[in-house]
Amino acid sequence: MAKICVLLCFIILAASGFANVSGSETKGKKVGIYELKKGDLSVKFTNWGATIISLVFPDKNGKLADVVLGYDTIKEYTNDTSYIGAIVGRVANRIGGAQFTLNGTHYKLVANEGKNILHGGLIGFSDVVWKVQKYQNEGDAPHIVFTYHSADGEEGFPGDLLVTVSYTLLGDKQLSVKMKAKALNKPTPVNLAQHTYWNLGGHNCGDVLSQYIKIFASQITLVDSHLIPTGKFASVKGTPYDFLKPKAVGSRINKLASGYDINYVLDGGAGNKLKPAAVVYDKKSGRVLELSTNAPGLQFYTSNALKDVKGKGGFVYEPHAALCLETQGFPDAVNHPNFPSTIVTPKKPYKHNMLFKFSTKAPYAS
């Protein structure tokens with residue numbers, strides 16, 4: 001999917017500095033790189049797309065590695081077409097036909113994947129400069145807070161929306177992600193997702209097919225040939241989608257057309273409390289990622305569309321070089337009344353929480 005960004009000037013400075021990006025969408029706004037560090041966990045971000053650009057922690061032998069895919073410069077992020085590390089919205093995933101009806105009004109959105117809209121349209125939240133509201137890299141809970149004001153009519157969506165994303169380091173190698181959105185004047189659909197590409201062996205170690213994953217979901221939302229939900233659910237039992245017990249990512253991937261790209265209905269439903277979503281384990285490095293969320297769904301994506309993408313240090317990313325764990329509302333929920341609602345109103349704000357726990361403690365026998 002093509003992304004549109006007009007860049008007239010680009011200056012990249014040191015990691016603690018910033019780049020000045022000017023153009024029709026970013027004039028006068030600063031794009032920088034910011035680091036949070038606590039113990040032996042280090043995470044870097046940019047306010048371009050409120051993006052995670054690196055996450056480093058040690059393996060079972062104490063060797064450090066960056067476990068997220070990415071690029072060496074901000075300019076490469078502005079040219080990215082894979083949403084690497086970014087916050088995607090106003091509505092993540094797909095809306096069929098790039099249209100919906102809300103309270104009797106029909107809205108036509110900006111299609112960017114054939115007739116459908118993916119991850120917010122041609123210029124979604126991943127392709128804008130966010131404001132750094134707070135940045136504190138000291139104390140028990142180092143954190144950074146990004147905000148973005150999405151205007152009424154942006155990509156066809158109704159109403160002004162104030163969006164906040166907070167990243168906080170907690171405890172022993174934990175990363176909290178809190179996404180909030182407030183509709184300022186009109187009801188509107190909101191469904192934000194964090195689109196980091198994970199490879200626990202290290203971003204430059206090859207594919208993730210030998211890494212193990214457990215997904216706490218007994219059902220998936222069925223989709224058509226364009227990955228638009230049909231509105232029906234299906235049990236994962238007896239299918240390649242069954243990860244209720246941990247299995248290697250690649251153990252049954254050859255039974256699928258190109259890999260995994262499906263929404264899982266997380267057991268426990270939606271609510272305010274965190275529930276387990278997934279556990280990933282790389283036996284070779286010993287690294288473990290545990291993810292919990294309050295969202296009802298999880299898009300499991302095995303980077304099927306990556307092809308000859310030049311990443312950090314010149315390493316070239318290919319299909320299955322990483323996996324994405326995008327907790328979310330169900331795709332195309334605005335067109336399926338039987339799905340949990342993604343409509344936000346001035347009286348009903350949006351809250352979406354994720355908690356990542358990193359360790360080298362084997363979570364299960366592989």
Side-chain angles (χ1 to χ4, degrees), residues 12-17 19 31-80 82-87 126 137 142 144 167-170 172-177 194-211 213 249 278-291 301-303 306 308-326 354 356-360:
I12 191 162
L13 301 177
S16 59
V31 178
I33 296 173
Y34 308 86
E35 181 177 22
L36 298 179
K37 187 174 177 63
K38 183 177 172 69
D40 49 14
L41 175 64
S42 171
V43 191
K44 290 183 180 179
F45 309 86
T46 175
N47 58 317
W48 178 268
T51 298
I52 294 175
I53 61 175
S54 74
L55 190 147
V56 176
F57 77 103
D59 67 5
K60 61 186 178 183
N61 297 314
K63 182 179 179 181
L64 296 173
D66 184 354
V67 298
V68 303
L69 273 56
Y71 303 104
D72 289 326
T73 67
I74 297 292
K75 185 174 183 179
E76 290 172 292
Y77 281 97
T78 67
N79 293 326
D80 169 63
S82 300
Y83 310 93
I84 289 180
I87 294 293
S126 58
N137 191 23
I144 188 165
Y167 294 101
T168 306
L169 301 189
L170 300 169
D172 181 19
K173 293 190 286 293
Q174 297 181 28
L175 171 63
S176 167
V177 184
Q194 215 299 326
H195 210 293
T196 289
Y197 286 69
W198 302 96
N199 187 325
L200 294 184
H203 80 94
N204 57 352
C205 81
D207 64 58
V208 294
L209 299 180
S210 64
Q211 295 179 22
I213 187 168
V249 172
V279 180
V280 183
Y281 174 43
D282 177 41
K283 187 176 181 180
K284 184 176 180 180
S285 69
R287 292 190 183 92
V288 178
L289 179 162
E290 298 176 73
L291 171 61
Y301 175 55
T302 49
S303 56
L306 288 184
D308 301 330
V309 176
K310 186 179 178 181
K312 300 172 188 174
F315 190 81
V316 179
Y317 304 135
E318 300 291 356
H320 311 143
L323 54 85
C324 298
L325 300 168
E326 307 159 58
M354 308 173 75
F356 295 92
K357 296 181 180 180
F358 305 99
S359 71
T360 52

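Between Tyr71 atom OH and Tyr77 atom OH the span is 7.5 Å, to the nearest 0.5 Å. Atoms CD1 and CD1, from Ile74 and Ile53 in turn, are 5.5 Å apart once rounded to the nearest 0.5 Å. Note: Leu323 CG to Thr196 OG1 = 11.0 Å, rounded to the nearest 0.5 Å.
The minimum heavy-atom distance between Gly201 and Ser285, with the atom names listed, is CA-OG, 4.4 Å. In terms of heavy-atom proximity, Met354 sits nearest to Leu291 at CE-CD1, 3.9 Å. The shortest non-hydrogen separation linking Gln174 to Leu41 is N-CD2, 3.9 Å. Heavy-atom minimum distance, Ala321 versus Leu306: CB-CD1, 4.5 Å. When all heavy atoms of Tyr301 and Glu326 are compared, the closest pair comes out as CB-OE2, 3.8 Å. Glu290 and Val288 make their closest contact through CG-CG1, 4.0 Å (heavy atoms, listed as atom of the first residue, atom of the second, distance).
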Please assess Leu200 against Leu289 for the test side chain to side chain contact (heavy atoms under 4.5 Å, CB included), listing each intermediate value before the final yes or no. CA-CA 8 Å; Leu200 294 184; Leu289 179 162; 4.1 Å; yes
message: side chain to side chain contact (heavy atoms under 4.5 Å, CB included) for Cys205 and Asn199? Distances and angles first, verdict last.
response: CA-CA 8 Å; Cys205 81; Asn199 187 325; 3.2 Å; yes
Open item on the list: As a quick check of understanding, evaluate ring pair (Phe, Tyr, Trp, His ring centres under 6.0 Å) for Tyr34 and Phe45, giving each step before the final call.
Closed with: CA-CA 5 Å; Tyr34 308 86; Phe45 309 86; 8.5 Å; no
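Within 6.0 Å of atom NZ in Lys284, 12 or fewer heavy atoms from other residues, nucleotides or ligands are found, so the atom counts as exposed in its surroundings. Other residues, nucleotides and ligands contribute only 12 or fewer heavy atoms inside 6.0 Å of the NZ atom of Lys357.
Aromatic rings of Trp198 and Phe356 (six-membered ring for Trp) have centroids within the 6.0 Å cut-off, being under it.
Of the N and O atoms on the side chains of Tyr197 and His203, not one donor lies less than 3.5 Å from an acceptor on the other residue. Side-chain polar atoms of Tyr167 and Gln194 form a donor-acceptor pair below 3.5 angstrom.
Here the side chains of Val68 and Lys312 are in contact, with some heavy-atom distance below 4.5 Å. For the pair Leu36 and Ile144, the minimum side-chain heavy-atom distance is below 4.5 Å. Under the 4.5 Å side-chain criterion, counting only non-hydrogen atoms from C-beta, Ile213 is not in contact with Val279. Residues Leu175 and Ile52 have side chains in contact (heavy-atom distance under 4.5 Å, counting atoms from C-beta outward). Residues Gln211 and Val280 form a side-chain contact, since some pair of their non-hydrogen atoms from C-beta on lies under 4.5 Å apart.
With sequence neighbours left out, the side-chain hydrogen bond (donor to acceptor under 3.5 Å, both in side chains) criterion links Ser42 to Glu35. Considering only residues two or more places apart in sequence or on other chains, Asn204 meets the side chain to side chain contact (heavy atoms under 4.5 Å, CB included) condition with Phe315.
Phe358 and Phe57 have tilted rings, their planes meeting at an angle from 30° to 60° on a 0 to 90° scale. Using cut-offs of 30° and 60° for the angle between ring planes, the His195 and Tyr83 rings count as tilted.
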